[in-house]
**Q** 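This is the structure I have questions about; it appears just below.
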Amino acid sequence: MKTTVIIPNYNGIDYLENCLRSLENSFADKAPAFEVCIVDNGSVDGSPEMAEQLFPWTHIIRFPENRGFCAAINEGITRARTPYVFLLNNDTTIDPACIRRLERRMDNDPRLFSAAAKMLSMKTPISWTAPETATTP
């Protein structure tokens, strides 16, 4: 595995399942293609338990209290055992080819330090290609 996906979570029961399903849809033959680390900030809504039950391929780091976004991301990065990390908010979903394409891009140019995915609004998917130009898919 080349990539660890790090998802900070705080009471994300309304979002986390869709996020993890989108990651699961990236797996060929249902075998995990990357590591997924959820860093939970002391949630009390059952979201970490839901993730453990429905997505046993995830690794969950639990903070006893909400330490904030930066602390969660930093903890996930510190514990990652892969050359690449992909930061993902719990209220987002990804295209099934997203991680594979980013890995390929990083692998093909050793001068790169980082790469980012194109982000679209889930309500109104507008692709911003340049500050003055917007297109809809």
Side-chain angles (χ1 to χ4, degrees):
M1 289 190 201
K2 294 181 184 180
T3 300
T4 300
V5 177
I6 300 168
I7 305 169
N9 181 63
Y10 178 68
N11 291 332
I13 194 76
D14 293 335
Y15 309 107
L16 188 58
E17 183 175 355
N18 285 337
C19 178
L20 294 172
R21 290 260 179 246
S22 77
L23 290 168
E24 189 173 60
N25 290 336
S26 300
F27 301 161
D29 302 321
K30 298 295 179 192
F34 40 81
E35 294 183 5
V36 177
C37 177
I38 300 165
V39 184
D40 187 72
N41 271 312
S43 294
V44 294
D45 66 347
S47 52
E49 293 80 11
M50 176 276 300
E52 284 176 328
Q53 182 179 8
L54 298 179
F55 306 96
W57 41 265
T58 61
H59 172 70
I60 301 177
I61 299 169
R62 294 175 188 253
F63 291 159
E65 71 283 326
N66 187 352
R67 296 184 185 170
F69 179 85
C70 291
I73 290 298
N74 287 336
E75 186 68 24
I77 290 170
T78 299
R79 296 202 193 183
R81 300 173 302 210
T82 57
Y84 305 137
V85 295
F86 183 78
L87 309 179
L88 187 63
N89 288 356
N90 65 356
D91 62 347
T92 59
T93 60
I94 67 163
D95 178 272
C98 178
I99 304 293
R100 185 177 67 250
R101 287 178 181 156
L102 287 170
E103 286 176 343
R104 186 172 49 226
R105 180 67 181 113
M106 292 296 293
D107 288 345
N108 288 337
D109 190 343
R111 298 171 302 160
L112 292 178
F113 170 76
S114 67
K118 181 187 292 187
M119 294 186 289
L120 303 173
S121 168
M122 292 171 80
K123 288 184 177 181
T124 310
I126 296 174
S127 175
W128 294 95
T129 56
E132 64 281 349
T133 309
T135 60
T136 54

**Q** Check whether any side-chain heavy atom of Arg79 lies under 4.5 Å from a side-chain heavy atom of Cys37, and answer yes or no.
**A** no
**Q** Within the distance-only criterion (no hydrogens, no angle test), does the side chain of Asp45 pair as donor or acceptor with the backbone N or O of Ile13 below 3.5 angstrom?
**A** yes
**Q** Using the rule that two of Ile, Leu, Val, Met, Phe, Trp, Tyr join whenever any of their side-chain heavy atoms come within less than 4.5 Å, decide whether Phe63 and Phe69 are in one cluster.
**A**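 Per the 4.5 Å side-chain linkage, Phe63 and Phe69 are co-clustered.
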**Q** Identify each donor-acceptor pair in which a side-chain atom of residues 100-107 lies under 3.5 Å from a protein atom, sequence neighbours left out, and give them as a table.
**A**
| from | atom 1 | to | atom 2 | distance (Å) |
| --- | --- | --- | --- | --- |
| Glu103 | OE2 | Thr3 | OG1 | 2.6 |
| Asp107 | OD1 | Tyr84 | OH | 2.5 |
| Asp107 | OD2 | Lys2 | NZ | 2.2 |

**Q** Could you tell me if the side chain of Asn89 sits less than 4.5 Å from the side chain of Tyr15, heavy atoms only?
**A** no
**Q** Is it the case that the side chain of Asn41 and the backbone of Arg67 share a donor-acceptor pair, with hydrogens and angles ignored and the cut-off at 3.5 Å?
**A**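 A pair under 3.5 Å: yes.
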**Q** According to a hydrophobic-cluster definition based on side-chain heavy atoms being under 4.5 Å apart (Ile, Leu, Val, Met, Phe, Trp, Tyr only), do Leu54 and Leu88 belong together?
**A**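 Yes, same cluster.
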**Q** Output the distance between atom CD1 (Ile7) and atom CG (Leu16), rounded to the nearest 0.5 Å.
**A**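 So the CD1 of Ile7 and the CG of Leu16 are separated by 6.0 Å.
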**Q** Any side-chain heavy atom of Val39 within less than 4.5 Å of one from Ile73?
**A** no
**Q** Answer whether the closest heavy-atom distance between the side chains of Trp57 and Phe27 falls below 4.5 Å.
**A** yes
**Q** Is a side-chain donor or acceptor of Thr58 paired with a backbone partner of Phe55 at a separation under 3.5 angstrom?
**A**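 Yes: the side chain of Thr58 pairs with the backbone of Phe55.
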**Q** Of all the heavy-atom pairs spanning Ser26 and Pro96, show the shortest one and how long it is.
**A**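 So the two residues come closest at OG-O, 3.1 Å.
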**Q** Could you walk me through whether Arg62 and Glu75 satisfy the salt bridge (charged side-chain N to carboxylate O under 4.0 Å, His left out) test, starting with their C-alpha distance in whole Å, then the side-chain angles of each, then the deciding distance to 0.1 Å, before giving a yes or no?
**A** CA-CA 10 Å; Arg62 294 175 188 253; Glu75 186 68 24; over 6 Å; no
**Q** How long is the gap from CG on Asn9 to OG on Ser43, to the nearest 0.5 Å?
**A** 4.5 Å
**Q** Look at atom CD of Glu65 and say whether more than 12 heavy atoms of other residues, nucleotides or ligands are closer to it than 6.0 Å.
**A** yes
**Q** Using modelled atom types and a 3.5 Å cut-off, is there a donor and acceptor pairing between side-chain atoms of Thr82 and backbone atoms of Thr4?
**A**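 Such a contact is found between Thr82 side chain and Thr4 backbone.
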**Q** Under a 4.5 Å cut-off applied to non-hydrogen side-chain atoms, are Met50 and Glu17 in contact?
**A** yes
**Q** For Cys98 and Phe86, which heavy atoms make the closest approach, and how far apart are they?
**A** SG-CZ, 3.8 Å
**Q** Can you name the one residue among Ile6, Asn90, Ile61, Leu20 that meets side chain to side chain contact (heavy atoms under 4.5 Å, CB included) with Ile38?
**A**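 Exactly one pass, corresponding to Leu20.
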**Q** Val85, Leu23: one ILVMFWY side-chain cluster at the under-4.5 Å cut-off?
**A**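 No, because Val85 and Leu23 fall into different hydrophobic clusters, even though each may have its own neighbours under 4.5 Å.
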